[in-house]
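These numbers come from the heavy atoms of this one structure, side chains and all, not from hydrogens, waters or symmetry mates.
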Amino acid sequence: MTSPAFRPLLVDLLRQAQISQNAFFQQLPPAELATIGMPECWSAKDHLAHLTFWRHRLASILQAIIRNEPQPVSDDFEQLNPVIFQEHRFRSWPELLAESDQGYAELI
C-alpha cells in the first residue's frame with residue numbers, strides 16, 4: 001500500500017484554509033469590518049494582519065531553507081506582535097485581504 005504524496009495534501013489544505021478564511025471574513029457585518037481594534041482587544045482586521053504577517057514569515061523561512069540560505073532572524077513574538085498590530089491597524093480591508101492571499105500563494 002502506498003501513501004499519497006505529502007505536498008499535494010499540504011497544498012490542498014492551504015487552499016482550503018484560504019477559502020475558509022476569506023469566506024469567514026466575507027460574512028462579517030460592515031460594522032465589524034470597520035472596527036479599529038485596541039491593543040487589548042483586536043478587531044477581525046487586526047487578526048487578519050497578524051496571521052498574514054506570520055504567514056509571510058513562514059514563507060520566507062521555507063524559501064531560505066529551500067535555497068540553503070540563512071533563515072530570517074527569529075524575533076521574540078511577544079515583542080513583535082504589538083509592533084505588527086500598530087503597523088497594520090489602520091490599513092484597509094481590501095489591502096489586507098490581497099496581502100493575505102499573496103501570503104497563501106507564497107506558501108502554495
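For the atom pair Leu107 CG and Arg15 CZ, the distance stands at 12.0 Å (nearest 0.5 Å). The structure places CG of Leu97 at 5.5 Å from CH2 of Trp93, a figure rounded to the nearest 0.5 Å. Between atom NE2 of residue His56 and atom OG of residue Ser100 there is a gap of 7.5 Å, rounded to the nearest 0.5 Å. Between the CZ atom of Phe25 and the CD atom of Glu32 there is a distance of 9.5 Å, given to the nearest 0.5 Å. In this structure, CD on Gln71 lies 12.0 Å from CD on Gln63, to the nearest 0.5 angstrom. Distance check: Glu106 CD to Tyr104 OH gives 12.5 Å after rounding to the nearest 0.5 Å.
With hydrogens and angles ignored, the 3.5 Å screen pairs a side-chain donor or acceptor of Lys45 with a backbone N or O of Arg89.
Side chains of Thr52 and Leu96 form no contact here, defined as non-hydrogen atoms less than 4.5 Å apart. Considering only heavy atoms from C-beta on, Asn81 comes within 4.5 Å of Ile84 through its side chain. Side-chain contact between Leu48 and Phe24 is absent, with no heavy atoms from C-beta onward closer than 4.5 Å. With contacts defined as side-chain heavy-atom distances shorter than 4.5 Å, the pair His50/His88 does not qualify. A 4.5 Å side-chain heavy-atom check between Ile65 and Ile61 finds at least one atom pair inside the cut-off.
Closest heavy-atom contact between Pro70 and Ala64: O-CB, 3.5 Å. Between Arg91 and Glu95, the shortest heavy-atom distance links the atoms NH2-CG, 3.3 Å.
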